[in-house]
Amino acid sequence: MNIMKFDFTVKNIVIVVGLAVVVLLLIKLQTLVTIFAVSFFLAYLFDPLINWFEGKKVPRYLSIILLYAVIVFVSVLFFGSLVPVIYQESVHLADALPAYSQKLFSLVDMLTDRFGIDISFEDIQQQVLPKLTGIGTTLLSSAEGVMKSVNTVVSLMLNIALIPILTFYFLKDFSSIKNKMFDKFSGASSIDYPKHFMHFNSLLSRYFRGQVLVAIFLGVSYTIVLLIAGVKPAILLGLISGVLSIVPYLGFMIGFSASLMLAVVQYGDFLHPIMVIAGFSVVQALESNYVTPKIVGESLGLHPTAVIFALMAGGSLMGIGGMIIALPVASFIKVVGDEYLNRIKTEKSDKAAKA
């Protein structure tokens with residue numbers, strides 16, 4: 001059993017120091033890491049589709065071009081139809097936020113009086129409401145300031161332009177990249193990295209692609225629920241809830257609580273909050289019992305708290321790129337750690353049997 005064995009040779013020390021330097025450089029180069037991580041993640045998501053087209057005798061580069069054409073078409077539809085609506089919803093929410101807050105404080109004050117709870121909200125309102133009044137103006141002025149900054153816009157556009165280019169090359173050479181990784185790791189350690197990779201890749205690929213599809217399902221479903229209930233901003237809330245649902249329970253908690261409060265302050269009755277509660281409950285039941293088991297299947301084997309910790313740690317160290325890298329790293333560590341523990345258990349069993 002030599003998985004954890006480490007010889008303090010000059011070569012091993014240089015390797016450890018080199019890895020530490022690489023990690024520090026990655027932390028410093030968060031923007032660069034994010035661009036490459038997003039590009040590789042997109043290539044990882046779409047590689048099975050490109051392989052399927054390649055199996056149908058369609059050249060790989062042509063399959064990638066067709067994929068890009070579909071993405072451009074969908075993006076044009078999205079930005080041409082949904083983005084203006086989302087912007088209008090954001091402006092309306094920012095303008096109405098002080099009035100909604102006033103109604104919410106009044107409702108809570110009424111409930112506390114009815115149940116005999118002595119809480120004064122006057123000081124809270126005096127502190128909070130003036131700040132809420134300026135939130136919309138501050139956000140919009142900040143966005144305008146960013147857009148007016150030529151350097152920021154140019155840098156952002158260059159970074160965005162690099163992502164499809166890098167994704168194209170990652171997709172084109174994905175198989176060769178994977179084979180070269182196997183060649184580098186094979187025989188370099190007692191751990192069978194290629195075997196572990198194939199094991200957790202089957203989980204990881206289905207998990208990530210499934211989570212994206214589940215997030216789309218939840219975003220669309222929440223939006224439909226809010227449109228039926230008449231709660232505004234429906235599209236903005238549905239989109240945010242769907243995206244945040246990638247983190248366990250986060251999308252549901254934020255989307256449900258915000259939607260419920262908005263239903264209360266916008267209508268002031270029982271019907272619309274009940275519609276929100278019923279709608280979110282139905283969507284969650286469908287997602288938990290049918291959608292996720294069918295699409296995602298077997299999970300990564302990580303506890304939700306471990307998933308949240310890995311995402312937060314990766315984000316703190318390397319931003320969005322770190323969040324993308326965090327789950328694969330955590331999953332691979334779990335796979336290797338499980339084998340290490342199983343080998344210890346097997347060796348103990350063998351020794352007990354011999355004794």
Heavy-atom pair with the smallest gap, counting every atom of L227 and A234: CD2-CB, 3.6 Å
Using 0.5 Å steps for rounding, measure from the CG atom of L244 to the CG atom of L239. 9.0 Å
Check ion pair D173-R60 (N to O, under 4.0 angstrom): no
V85-L77 co-clustered via ILVMFWY side chain contacts under 4.5 Å: no
Side chain to side chain contact (heavy atoms under 4.5 Å, CB included), paired with S39, selected from L162, T167, I165: T167
List the atom of S259, the atom of L237, and the distance in Å for their closest heavy-atom pair. OG-CD1, 3.6 Å
Report the C-alpha separation of N51 and E54 in whole Å, then their side-chain angles, then the decisive distance to 0.1 Å, and conclude whether the side-chain contact (heavy atoms from CB on, under 4.5 Å) test is met. CA-CA 5 Å; N51 289 338; E54 198 173 17; 3.9 Å; yes
Value for CG (L49) from OG (S63), rounded to nearest 0.5 Å, stands at 8.0 Å
Tell me, with the steps shown, if L286 and F217 meet side-chain contact (heavy atoms from CB on, under 4.5 Å). CA-CA 10 Å; L286 289 173; F217 166 79; 4.3 Å; yes
Non-hydrogen atoms of G255 and S241 that approach each other most closely: CA-OG, 3.0 Å
If you define the side chain from C-beta out and look only at heavy atoms, does anything of Q284 sit under 4.5 Å from L218? yes
Taking the side chain as everything from C-beta on, heavy atoms only, tell me whether L62 gets closer than 4.5 Å to F53. no
Measuring from Y68:OH to L171:CG, what's the distance to the nearest 0.5 Å? 6.0 Å
For atom OH of Y61, decide whether the heavy atoms of other residues, nucleotides or ligands shown that lie under 6.0 angstrom number more than 12. no
Any chance you could lay out the side-chain contact (heavy atoms from CB on, under 4.5 Å) test for V38 and L166, step after step, and finish with the verdict? CA-CA 9 Å; V38 170; L166 290 172; over 6 Å; no
Determine the minimum heavy-atom distance between A215 and G242, stating which atoms define it. CB-O, 3.3 Å
What one should report as the nearest heavy-atom pair of Y222 and V283 is CE2-CG1, 3.6 Å
